[in-house]
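Structure first, commentary second.
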Amino acid sequence: MKTLISVAVLCGSISLPAMAQTSPAVADPSASPATPAPENQDAAAPSPNAQANEDGIADIVVTATRREERLQKIPVTVTAVSGEALQSSGVLETRQLTQVVPGLVGSRNAGVNQPVIRGIGSGGVVGDESSIATYIDGVYQPDPWTTNLDLVEIQRVEVLRGPQGTLFGRNATGGLINIITPDPSFDFRGHVAASAGVLRGAGDYDLRGYVTGGLSDKIAIDFAGLYKKTDNYVTDLVRGDLGYGEDAYFSLRSKLLFRPSESAQFVLTGDYAKRDGGSNANQLYQNNTVARSYPGVILPTGPWQAAYNYEPQLNMERFGLTLQSRFDTGSVGIETATSYQNGEIYQQQDRDSSNINLGLGQVNTRQRSFTQEIRVLSSSSGPLQWLAGAYFYTSHLDGTVPTTTPSRVPPPTLPTLSTTTTSPDVRVSSLAGFVEGTYSLTSTLFLTAGGRYTTEVRKFEQASNGVALFPQQRSRFEKFTYRGALRWQFDPDANVYLNYGTGFKSGVYNGVGTSPKPTRPESLTSIEGGIKADPARWLRTNLSVFHYDYKDLQVSARDPFTNLVLLQNAATAKIYGGELELTLMPTRDLNFTGKFSYLHGEYEKFPLAQGFTPNANATGNTAVIADVSGKRIVQAPRTAMNLAADWSHEYEVGRFGARLNFYHSDRIYYDFTNNFSQKPYSLLNAQVSFTPPSESFSLSLAVTNITNAIVYQSLRVSASGTDGILEKPREVKGTIRFNF
């Protein structure tokens, strides 16, 4: 039987989760009960109940089911990646998880984070929430404008694929991303790391640190901080200089741990982040723009070039407070989480990404949210383990969306511009109750069942140039979602499972639109099966296959007249496919991983889609209303894979390490008519490192996007043309880290 240890997971080390983020494990006669890890362990340090496994791959403990359980023993498809593995892979933002998680596409539309899992995601309209939920330490992060987070002092990231309608509920239709940070330690320690990089001759600077320690025998505290700045690296063809870097990004997080007794603890978390002038520079796609029809237009001749009339801006500020508690009464555990979050963004983009004055788009909004959750969990060792809870959520978004629109006159006459400012006010309140249980039918057969009832009220007001367009609109949405799973542990190191579940996202109002009607709710029914097996101590194989029935998809496109985002429902879609994850550890010093995904995703019925076709000579696009039934779903590559190799060895002078991470994606479509796409691409990252025997410091040198691949994070398709934000070019970065 394998021991629980801090091990290489997906070519990186991962440690057991802290008490405040976990719960007692489900009783499993086929395995030793999982014991909670001590809260004061460091993310990279082994815990007292973890020792080195010299024989091969070790078990991994995750909290994907709101309990502390072995990853290989739960009937859920989860990828867990440690913070160390993320950093060595070149993954520094949540959006970049694409490169290490099969089935995930981390797109963004300007400042809006748009994660897509197995073809399911959202367009990021003002007032909307993503169908892929983002959590930090188990607390929901509703604002897609502020969830493209830089990963600072991360213990691990868990990505759950498939609907999570029972334990996580609303807006987890296609899955979720849970970022887990370490809890404070009672032992004093910390580190400071400084990085400097170069991309296209520009500098990229990063300073981050972490410190933790005990204030008494019952109170501990920690601080994690980040400052980074990227110099201008996009060539400005209008102003004759480099532009559009990132002026500054600050991130601070602190936790205060109070443990008055062995059976109770409280964790208070405060976080603050601010971004000034974030990179928001769109590159023309195939130089397709209506501006080509005007004299004096300047067009890029290569990647990472821009010619704007209006300079892009992307400013963000967010802060939050969270109080989590846990009580152990002996027979049950009680957990609570209370959170307040505030996010403000300002964004502006040139409407056609050219030097011709054809319009400006801006967004200036603030979103405040409050969540309260309470969970009661069984902690006995009987055949039935259960969890029940209640959840409350409320949010308020308001602000202004000024839009400068040109008059429709034929080129080459320059149009006159007029500005319309909408002022959305979106309020949401949601209440849910849920229960789930796992029963041991035999010593090797386990049945899980659960359900969740959600009731949600959405209110919407809209004004144009200060004049109310309609009275406050109010809509209620109610849904019961459920899940059932059967797991057969036919060997201590292997099981097969079958999972049937449902997901739900309520109807939403379009915060940039003028319609008083919301979209219809979307729903998903999933059947999934898989096998998790360790055929040998040096080999782990996880395979999952799935089939989705997806109804009333909430999709977005550009309005051909205003260029604003519009929302509509696609009728139905059929999605099926699978993922394979392999971990190979031939020696203690060498790890290989391979992750592969196949996805068949098509609109089964979508007769009135807002689409575009490119004009002759790339002079913009013509709007069409098309029947796209049978077309590929947007942001759903048919195949993708990740290959990684991680080597390290201890010599007399210290430990040397090297890592190579390769990611390849098939073609990705970004419009319903499948006329605009990112062609198949590959990304290659590498890192070498050195740590002396004292471990007082470490050195590393990393290269990202080694081949200088030209990759669009997403495409913006409108009547004005087609553009998108490119991934960063090749970058070489060195890092020195001091430990204390």
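All residue numbers in this chain count up from 1 along the given sequence.
- Inter-residue side-chain proximity for Trp538 and Leu590 is flagged as unmet; no heavy-atom pair is nearer than 4.5 Å.
- Here the OG1-CD1 distance, from Thr541 to Ile531, works out to 6.5 Å after rounding to the nearest 0.5 Å.
- When every heavy atom of Ala80 is checked against every heavy atom of Val62, the shortest pair comes out as CB-CG1, 3.9 Å.
- Ion pair Glu129/Arg170 flagged as a salt bridge, since at least one NZ, NE, NH1 or NH2 atom sits closer than 4.0 Å to an Asp/Glu carboxylate oxygen.
- By the 4.5 Å heavy-atom criterion applied to side chains, Ile136 and Thr322 are not counted as neighbours.
- A salt bridge links Arg118 with Glu579: the distance from a Lys NZ or Arg NE/NH1/NH2 to an Asp or Glu carboxylate oxygen falls below 4.0 Å.
- Under the 3.5 Å distance criterion, the side-chain polar atoms of Arg67 are left unmatched by any main-chain donor or acceptor of Gln385.
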May I have the step-by-step check of side-chain contact (heavy atoms from CB on, under 4.5 Å) for Ile575 and Ile120, ending in yes or no?
CA-CA 9 Å; Ile575 304 174; Ile120 298 174; 4.2 Å; yes
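- The only member of Tyr603, Phe606, Tyr669 that meets side chain to side chain contact (heavy atoms under 4.5 Å, CB included) when paired with Ile633 is Tyr603.
- The minimum heavy-atom distance linking Val78 with Ala64 is given by the pair CG2-CB, 3.7 Å.
- When every heavy atom of Thr98 is checked against every heavy atom of Leu104, the shortest pair comes out as CG2-O, 3.4 Å.
- With 3.5 Å as the limit, one finds no donor-acceptor pair spanning the side chains of Thr502 and Thr481.
- Side chain of Lys595 to main chain of Val100: a donor-acceptor pair is present (N/O by atom type, distance under 3.5 Å, no hydrogens or angles).
- A salt bridge links Glu581 and Arg161; the closest N-O separation between the charged side-chain nitrogens and carboxylate oxygens is under 4.0 Å.
- The distance from atom OG of Ser89 to atom CG of Leu683, rounded to the nearest 0.5 Å, is 12.0 Å.
- A donor-acceptor pair under 3.5 Å is absent between the side-chain atoms of Arg70 and the main chain of Ile74, judged by distance alone.
- Ser430 is listed as a side-chain neighbour of Thr454, based on a closest heavy-atom distance under 4.5 Å.
- Two residues are said to be in side-chain contact when any heavy atoms from C-beta on lie closer than 4.5 Å; Thr181 and Glu153 fail this criterion.
- Ser682 OG to Phe662 CZ: the interatomic distance, rounded to the nearest 0.5 Å, is 3.5 Å.
- There is no side-chain donor-acceptor pair under 3.5 Å between Thr134 and Gln141.
- Listed here is the closest heavy atom pair of Pro102 and Thr79: CD-OG1, 3.9 Å.
- Side-chain atoms of Asp534 do not come within 3.5 Å of backbone N or O of Ala536 as any donor-acceptor pair.
- Taking OH of Tyr135 as the start and CG of Leu160 as the end, the distance is 10.0 Å to the nearest 0.5 Å.
- A donor and an acceptor atom, one from each side chain of Asn495 and Gln72, are nowhere located under 3.5 Å apart.
- Looking only at side-chain heavy atoms (C-beta outward), Tyr550 and Thr572 stay at 4.5 Å or farther from each other.
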Lys505 vs Ser122, side chain to side chain donor-acceptor pair (under 3.5 Å): CA-CA, chis, key distance, verdict:
CA-CA 11 Å; Lys505 181 185 176 188; Ser122 301; 3.1 Å; yes
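- Residues Glu84 and Arg659 are not paired through a salt bridge, judged by the lack of any N-O separation under 4.0 Å between the basic side chain and the carboxylate.
- In this structure, Gln155 contributes its side chain and Ser82 its backbone to no donor-acceptor pair below 3.5 Å.
- Comment: Arg259 does not engage Asp183 in a salt bridge, judged by the lack of any side-chain N to carboxylate O separation of less than 4.0 angstrom.
- A donor-acceptor pair under 3.5 Å is formed between the side chain of Ser379 and the backbone N or O of Gly330.
- Within a 6.0 Å radius of OH in Tyr439, no more than 12 heavy atoms belonging to other residues, nucleotides or ligands are found.
- A donor-acceptor contact closer than 3.5 angstrom is absent between the side chains of Ser107 and Gln114.
- Ring-plane geometry between Trp488 and Phe490 is classed as tilted, the angle between the planes lying from 30 to 60 degrees on a 0 to 90 degree scale.
- Between the side chain of Gln265 and the main chain of Ser263, no donor-acceptor pair closer than 3.5 Å is present.
- Judged by distance alone, the side chains of Gln687 and Ser88 never bring a donor and an acceptor atom under 3.5 Å apart.
- Inter-residue side-chain proximity for Arg483 and Thr448 is flagged as met; some heavy-atom pair is nearer than 4.5 Å.
- By the 4.0 Å N-to-carboxylate-O rule, Glu522 lies too far from Lys551 to be salt-bridged with it.
- For an aromatic pair to be called close, the ring centres must be under 6.0 Å apart, and Tyr140 with Phe168 fails this.
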Could you check Asn178 against Leu176 for side-chain contact (heavy atoms from CB on, under 4.5 Å), going step by step and ending with a plain yes or no?
CA-CA 6 Å; Asn178 191 14; Leu176 63 91; 4.0 Å; yes
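- No donor-acceptor pair closer than 3.5 Å links the side chain of Asn642 to the backbone N or O of Tyr663.
- For the pair Arg487 and Phe446, the cation-pi criterion (under 6.0 Å, within 45° of the ring axis) is fulfilled.
- Classification of Asp137 and Lys255 as a salt-bridged pair holds, one side-chain N sitting under 4.0 Å from a carboxylate O.
- The shortest side-chain heavy-atom distance between His547 and Lys574 falls under the 4.5 Å cut-off.
- Within the model, atoms CD of Glu335 and CG of Leu387 stand 7.5 Å from one another, a figure rounded to the nearest 0.5 Å.
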From CA spacing to verdict: side-chain contact (heavy atoms from CB on, under 4.5 Å), Glu69, Ile60:
CA-CA 8 Å; Glu69 296 187 271; Ile60 308 156; over 6 Å; no
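- Residues Phe327 and Phe266 bring their aromatic ring centres within 6.0 Å.
- A donor-acceptor contact shorter than 3.5 Å links the side chain of Ser130 to the backbone of Ile132.
- Taking the six-membered ring where the residue is Trp, the centroids of Tyr598 and Phe596 are separated by 6.0 Å or more.
- In this structure, Asn661 CG and Leu684 CG are separated by 8.0 Å, a value rounded to the nearest 0.5 Å.
- The minimum heavy-atom distance linking Arg66 with Leu377 is given by the pair O-CD2, 3.7 Å.
- Closest of all the heavy-atom pairs between Asn569 and Arg520 is OD1-N, 2.9 Å.
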Run the side-chain contact (heavy atoms from CB on, under 4.5 Å) check on Glu478 and Tyr453 step by step: do they pass?
CA-CA 8 Å; Glu478 299 175 314; Tyr453 175 76; 2.9 Å; yes
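- Within a 6.0 Å sphere centred on CD of Gln96, heavy atoms belonging to other residues, nucleotides or ligands number more than 12.
- The aromatic rings of Phe546 and Tyr548 sit tilted relative to each other, their planes meeting at an angle between 30° and 60°.
- One N or O on the side chain of Arg452 and one on the backbone of Thr166 form a donor-acceptor pair closer than 3.5 Å.
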Carefully, step by step, assess Arg375 and Glu436 under the rule salt bridge (Lys or Arg N to Asp or Glu O under 4.0 Å).
CA-CA 11 Å; Arg375 298 185 297 273; Glu436 184 171 287; over 6 Å; no
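- The side-chain heavy atoms of Trp386 and Val332, taken from C-beta on, include a pair separated by under 4.5 Å.
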